[in-house]
Visitor: 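Here it is, the structure in full.
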Amino acid sequence: MTDATHQGVIPADAVSLADYQRLASKRLSAQNLAYLNGGAGSERTLRANTEAWGEASLWPRVLRKFDHADTRTTILNRRLASPLLIGPTAYHKLFHPEGEIATATAASALRTPYIVSTQASTSVEDIANQADGTPLWFQLYIQHDKDFTKQLIRRVEQAGYEAIVLTVDAPVHGIRNAEQRSGFRLSDAVEAVNLRDLPAPPQSASAFDPALLAAIPSWQDVAWLRELTTLPIFIKGILHPADAVEAIDHGADGLIVSNHGGRTLDQLPATRSALPHIVAAVEKKVPVLVDGGIRCGSDVLQALALGADAVLLGRPILHGLTTAGAAGVAHVLKLLQHELEVAMLLTGCRDLSEAPAILSHSSHF
Ligand SMILES: Cc1cc2nc3c(=O)[nH]c(=O)nc-3n(C[C@H](O)[C@H](O)[C@H](O)COP(=O)(O)O)c2cc1C
Ligand SMILES: CC(C)CC(=O)C(=O)O
């Protein structure tokens, strides 16, 4: 459970995503905060994610005629008013008593697609009931028991989820020193309820027992999943261009460039650095999404300028949830949407197709 009262009131000094991070850190225990904000090792990749977006300059065009900044994007024929998605994060009840229900309420209020984690602390059906027709995608960690995984897919299909996001970058838990130092352990009151009936994994003395290693997902499992469902499949956790090509060859309908928010292996590239290589390798065959360190509207605009079709938000959603429940999540999304529109107006981008120009200037310059 959370460590503070949650009034659902937006604090007057919450005017940016950084404010929500600050406010959330006042409300959580040291353990839950380390789980939320922490990264792998000494957190070089975690820092690089945010810093890399800040390194580029945006080259503005002025005096353009605008009627509005058009933030619409299309992903697999689904028209979205904005390129913002709620990324998958586990255990929302650690951060607010209403957990994923509060997140789904905010998603629904703003019609923002929400990618629900396998490790959600609320059932996929209850989340779908709350989402009220807002696009829900299901993030899948393939489980060691394939029949169980199949039943989970059937449940989300039945509940109306529109896509599967297969996370492939965390076959083992990263070594998160901040989390270890804090002594984080999952509270007994918070559970991955959608995995409740999962049979116990093979017993082993070591995490690297061959039986466990054999259960780690591979390209064969991607092929298995492709056969299992007709829902679109996004592969999350692609950093290498060769894997991007292989994913498309295996039937992926979309890719998510991600280093898991710097939570797996320290020294992975910042996603801002990986994104252009993936975009080049994909040759517009499938949509490319990106996450990691996106904290303001100009970060979003820059990701779109580099060829992403949309971005996912991880920690900022949980900062909003911790601070003010559904209202906090909705406010985080609104702030970012407003910042994106201001960044577009101030760089002369009338719609997102004009974004690439902000990263280059003419040879006459
Ligand atoms: C507390 C927390 C839990 C997460 N849980 C999941 C998860 O269950 N599945 C998953 O694919 N990614 C998970 N992630 C990774 C996010 O989906 C995302 O890749 C990352 O947080 C993006 O970076 P950002 O937090 O800088 O926006 C988690 C991240 C955090 C911070
Ligand atoms: C329960 C974890 C596997 C969720 C996760 O992906 C994370 O904490 O980064």
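Whatever order the structure lists them in is the order used to number ligands and atoms, beginning at 1. Since we're looking at a predicted model, the values are computed, not measured.
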Visitor: Nearest protein heavy-atom contact for atom 7 (C) of ligand 2: which residue, which atom, what distance?
Guide: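 Ranking protein heavy atoms by distance from atom 7 (C) of ligand 2, first comes Arg176 NH2, 3.3 Å.
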
Visitor: Are Asp169 and Asn259 linked by a side-chain donor-acceptor pair shorter than 3.5 Å?
Guide: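 No, because no side-chain N or O of Asp169 sits under 3.5 Å from a partner of the opposite role on Asn259.
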
Visitor: Who gets closest to atom 11 (O) of ligand 1 by heavy atom: Val290, Leu312, Thr167?
Guide: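 Ranked by closest heavy atom to atom 11 (O) of ligand 1, first place is Thr167.
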
Visitor: Looking at atom 2 (C) of ligand 2, what's its closest protein heavy atom, distance included?
Guide: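 Residue, atom and distance for the closest contact: Tyr35 OH, 4.1 Å.
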
Visitor: Less than 4.0 Å between a side-chain N and a carboxylate O, is that true for Arg185 and Asp188?
Guide: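 Salt bridge flag = yes for Arg185 with Asp188.
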
Visitor: Given the side-chain rings of Phe234 and Trp137, with only the six-membered ring counted for Trp, is the space between their centroids under 6.0 Å?
Guide: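 Under 6.0 Å, so yes.
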
Visitor: Could you tell me if any non-hydrogen atom of Gln139 lies under 4.0 Å from any atom of ligand 2?
Guide: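 In this structure, Gln139 fails to qualify as a contact of ligand 2 - no heavy atom is under 4.0 Å.
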
Visitor: Considering only the protein, which heavy-atom contact is closest to atom 6 (O) of ligand 2, and what is its distance?
Guide: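 Here the closest protein heavy atom is Tyr141 OH, 2.5 Å.
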
Visitor: Can a side-chain donor-acceptor contact be found between Thr71 and Glu341 if the only test is distance below 3.5 angstrom?
Guide: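 Result is no, nothing qualifies.
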
Visitor: Quick test: of every protein heavy atom, which one is nearest to atom 8 (O) of ligand 1, and how far off is it to 0.1 Å?
Guide: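 Checked against all protein heavy atoms, atom 8 (O) of ligand 1 sits closest to Ser117 OG, 2.7 Å.
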
Visitor: Can you list the ligand 1 atoms lying under 4.0 Å from a non-hydrogen atom of Gly261?
Guide: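 So the atoms of ligand 1 that pass are 19 (O), 20 (C), 22 (C), 23 (O).
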
Visitor: Under 3.5 Å between any N/O of His173 and any N/O of ligand 2: does that happen in this structure?
Guide: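 In this structure, His173 places no N or O atom under 3.5 Å from an N or O of ligand 2.
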
Visitor: Find all atoms of ligand 1 within a distance of less than 4.0 Å from any non-hydrogen atom belonging to Ser258, and give their numbers and elements.
Guide: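 Here the atoms of ligand 1 in question are 19 (O).
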
Visitor: Taking 4.0 Å as the limit for heavy-atom contacts, which would you say applies to His260 with ligand 1: side chain only, backbone only, both, or neither?
Guide: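 Both backbone and side chain.
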
Visitor: Is it the case that Ser121 and Glu191 place a side-chain donor and acceptor less than 3.5 Å from each other?
Guide: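 No, no side-chain donor-acceptor pair sits under 3.5 Å.
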
Visitor: Ring of Phe95, cation from Arg27 - is the NZ or CZ under 6.0 Å from the centre and inside 45° of the axis?
Guide: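 No, Arg27 and Phe95 do not form such a contact.
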
Visitor: Going by the closest heavy atom to atom 10 (C) of ligand 1, which one wins out of Arg295, Arg263, Lys236, Arg315?
Guide: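 Heavy atom nearest to atom 10 (C) of ligand 1 belongs to Lys236.
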
Visitor: Which part of Tyr141 is near ligand 1, with near meaning a heavy atom under 4.0 Å away: side chain, backbone, both or neither?
Guide: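 Side chain only; the backbone of Tyr141 stays clear of ligand 1.
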
Visitor: So which heavy atom in the protein is nearest atom 1 (C) of ligand 2, and how far is it from that ligand atom?
Guide: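 Nearest neighbour among protein heavy atoms for atom 1 (C) of ligand 2, to 0.1 Å: Gln119 CG, 3.5 Å.
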
Visitor: Using a strict threshold of under 4.0 Å (side-chain N to carboxylate O), is an ion pair present between Asp299 and Arg272?
Guide: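 Looking at Asp299 together with Arg272, the answer is no, because their closest N to O distance does not fall below 4.0 Å.
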
Visitor: Looking only at non-hydrogen atoms, which of Asp291, Leu318, Asn37 approaches atom 18 (C) of ligand 1 most closely?
Guide: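 The option holding the nearest heavy atom is Asp291.
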
Visitor: Specify the protein heavy atom at minimum distance from atom 21 (O) of ligand 1: its residue, its atom name, and the distance to 0.1 Å.
Guide: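 Of every protein heavy atom, Gly314 CA, 3.7 Å lies nearest to atom 21 (O) of ligand 1.
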
Visitor: Under a plain distance cut-off of 3.5 Å, with no hydrogens placed, do Gln143 and Thr149 share a side-chain donor-acceptor pair?
Guide: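 Side-chain D/A pair, Thr149 to Gln143: absent.
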
Visitor: What protein heavy atom sits nearest atom 16 (C) of ligand 1, and how far off is it?
Guide: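 It is Pro88 O, 3.4 Å.
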
Visitor: With only distance considered, is Tyr91 within less than 3.5 Å of ligand 2 through an N or O on each side?
Guide: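 Tyr91 vs ligand 2: no N/O contact under 3.5 Å.
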
Visitor: Got a donor-acceptor contact below 3.5 angstrom from the Trp219 side chain to the Glu246 backbone?
Guide: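 Not at all, since once roles are kept as given, no pair shorter than 3.5 Å links the two residues.
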
Visitor: Out of Leu36, Leu46, Thr89, whose heavy atom sits nearest atom 4 (C) of ligand 1?
Guide: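 Among Leu36, Leu46, Thr89, the closest heavy atom to atom 4 (C) of ligand 1 belongs to Thr89.
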
Visitor: What is the nearest protein non-hydrogen atom to atom 5 (N) of ligand 1, stated with its residue, atom name and distance?
Guide: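 Answer for atom 5 (N) of ligand 1: Ala90 N, 3.1 Å.
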
